[in-house]
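We count residues from 1, following the sequence as given.
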Amino acid sequence: MLRYTIRRLAQLVGVVLVLSMLLFAWLRLLPGGPVSALLGERATPESREALTKQLGLDQPIFVQYFKFLGRAATGDFGVSTGVQPGDSALDIFLQRFPATIELSFFAILIAIAVGVPLGYLAAKRRGGWFDNLSVIGSLIGVAVPVFFLAYLLKDVASSALGLPSQGRQDAIDATRVTGFFTLDGLITGEFDATLNALEHLILPAIALATIPFAVIFRITRAAVLDVLDEDFVRTAESKGLTAPVIRRRHVLRNAMLPVVTTIGLQTGALLSGAVLTEKVFSFAGVGQALAIGFERRDYPVLLLLIIMATIVYVVVNLLVDLSYALIDPRIRTR
């Protein structure tokens, strides 16, 4: 297991290097650029030339890339030219990353808490009204665009339920420790700040959770249906084992491998789905920074955020692979 983990982490380094090269070249080929974003339409040729030279954009692309790698090795990923002009790209990432992790965590928590039990119950009642309604609900969850549901929740549910629809927290005097607003309040004893942050998370987390919920529900339902048809389940029933024992020890444990895989993939995908959700709810996370960065051609911020999203995605999937051994002991011997 240790050798496998080390090998996967070594692969991660290769993935990040290749991705950084491709991203660096792709971002430089985009129309416009930071010079146009900074100077605007009234820029003179002289001012454009001076700023291009100042930013090092007049050099060959491979020279720019190797200079970027040299700076990145020391923690210098460049300075923002559009998201937060003048701020370090790394500082922007460190400020906004906790917000996206917090939002993604609560979104996947909602998806798992609703999707897994519903998938199991739908499989147990195969062909019944509950199964049919659940399948229709999951199809709606997949079909409805995230941005449409986000605007619907923001404009309708927010007014009806009195929930906040913008930002991570009200303008309150709260102590910042980790950047995770819900956790900071618990650490400092400012429970009102934690409650306020949770209220701001409800609507964006629900909007972000819809697609993962639908996918997790359908995979859980399909996996449980497969397991329910196995001989060992019928044997357990014939031995007189109680329903909770059969469900926990025989059905759910054997159905969990594809579900855990799906949860891992969906957790990584939430980072990309958060772009639209954070934009709609003005949630100051990585997704919102990516949207602004693309609008203003902020190369340093875009490069760093996309690379870090890739690292998180690969690490999450590594953790999922390692969790297989806990779910199915047979995998430990392979």
Side-chain angles (χ1 to χ4, degrees), residues 16-17 19-28 30 32-40 51 54-57 64-65 67-107 166-169 171 174-184 197 200-201 204 208 268-316:
V16 171
L17 281 174
L19 178 69
S20 66
M21 285 189 287
L22 295 175
L23 274 175
F24 201 89
W26 174 64
L27 289 173
R28 293 306 188 273
L30 289 176
V35 174
S36 299
L38 288 171
L39 297 179
L51 185 57
Q54 180 184 340
L55 296 176
L57 300 177
Q64 296 180 45
Y65 176 71
K67 284 188 175 181
F68 162 76
L69 283 183
R71 293 193 305 269
T74 64
D76 179 10
F77 291 89
V79 176
S80 171
T81 58
V83 178
Q84 294 172 207
D87 288 355
S88 163
L90 184 59
D91 288 342
I92 293 173
F93 169 76
L94 294 176
Q95 291 168 11
R96 291 175 173 266
F97 189 61
T100 299
I101 291 296
E102 203 169 46
L103 176 58
S104 300
F105 172 77
F106 281 98
Q166 285 197 346
R168 296 182 63 193
Q169 203 172 49
T175 306
R176 304 287 180 239
V177 180
T178 64
F180 298 94
F181 288 3
T182 53
L183 183 60
D184 288 347
H200 282 75
L201 276 168
L208 193 58
L270 284 178
L271 292 170
S272 58
V275 173
L276 296 174
T277 307
E278 290 181 3
K279 185 73 172 174
V280 172
F281 289 99
S282 301
F283 204 84
V286 170
Q288 186 192 55
L290 278 172
I292 298 172
F294 275 112
E295 290 174 2
R296 302 177 183 177
R297 299 293 187 268
D298 195 334
Y299 292 164
V301 171
L302 287 175
L303 194 59
L304 177 60
L305 295 186
I306 296 173
I307 288 174
M308 295 308 297
T310 303
I311 292 173
V312 171
Y313 189 88
V314 174
V315 170
V316 167

Partners of Thr182 by side-chain hydrogen bond (donor to acceptor under 3.5 Å, both in side chains), sequence neighbours excluded? Glu102
Heavy-atom nearest pair, Ala284 first then Ala99, reads O-CB, 3.4 Å
What are the two closest non-hydrogen atoms of Ala72 and Phe77, and how far apart are they? CB-CE2, 3.6 Å
Non-neighbouring partners of Ala291 that pass side-chain contact (heavy atoms from CB on, under 4.5 Å), sequence neighbours left out: Val275, Lys279
Taking only residues two or more places apart in sequence or in another chain, which ones pass ring pair (Phe, Tyr, Trp, His ring centres under 6.0 Å) with Phe68? Phe24
Is there a side-chain contact between Phe281 and Thr277, using heavy atoms and a 4.5 Å cut-off? yes
Can you give me the closest heavy-atom contact between Ala289 and Val83, atom names plus distance? O-CG2, 3.6 Å
Looking at every non-hydrogen atom in both residues, tell me the closest pair between Asp298 and Ser80 and how far apart they are. OD2-OG, 2.5 Å
Looking at residues at least two apart in the chain, or sitting in another chain, which of them share a side-chain hydrogen bond (donor to acceptor under 3.5 Å, both in side chains) with Arg176? Gln169
Side-chain donor or acceptor of Asp184 paired with backbone N/O of Val177 under 3.5 Å: yes
Of all the heavy-atom pairs spanning Gln288 and Glu278, show the shortest one and how long it is. N-OE1, 2.8 Å
For the side chain of Thr74 and the backbone of Arg71, is there at least one donor-acceptor N/O pair under 3.5 Å apart? yes
Do side-chain atoms of Ser20 reach the backbone of Leu17 as a donor and acceptor pair under 3.5 angstrom? yes
Hey, what do you get for CG (Leu208) to CG (Leu270), rounding to the nearest 0.5 Å? 4.5 Å
If I take atom CD1 from residue Ile311 and atom CG from residue Leu19, how far apart are they, to the nearest 0.5 angstrom? 9.0 Å
Once you round to the nearest 0.5 Å, how far does CZ of Phe97 lie from CE of Met308? 6.0 Å
Do the side chains of Leu201 and Phe283 get nearer than 4.5 Å, heavy atoms only? yes
Run the side-chain hydrogen bond (donor to acceptor under 3.5 Å, both in side chains) test against Ser282 and tell me which residues pass, sequence neighbours left out. none
Non-neighbouring partners of Asp76 that pass side-chain hydrogen bond (donor to acceptor under 3.5 Å, both in side chains), sequence neighbours left out: none
At their closest point, which heavy atom of Pro98 faces which heavy atom of Gly179, and how far apart are they? CB-O, 3.4 Å
Sorted by chain and number, sequence neighbours left out, side-chain contact (heavy atoms from CB on, under 4.5 Å) with Leu183 holds for Thr178, Phe180, Ile187
Which pairs with one or both residues in residues 87-96 pass salt bridge (Lys or Arg N to Asp or Glu O under 4.0 Å), sequence neighbours excluded? none
Non-neighbouring partners of Leu302 that pass side-chain contact (heavy atoms from CB on, under 4.5 Å), sequence neighbours left out: Leu27, Leu290, Phe294
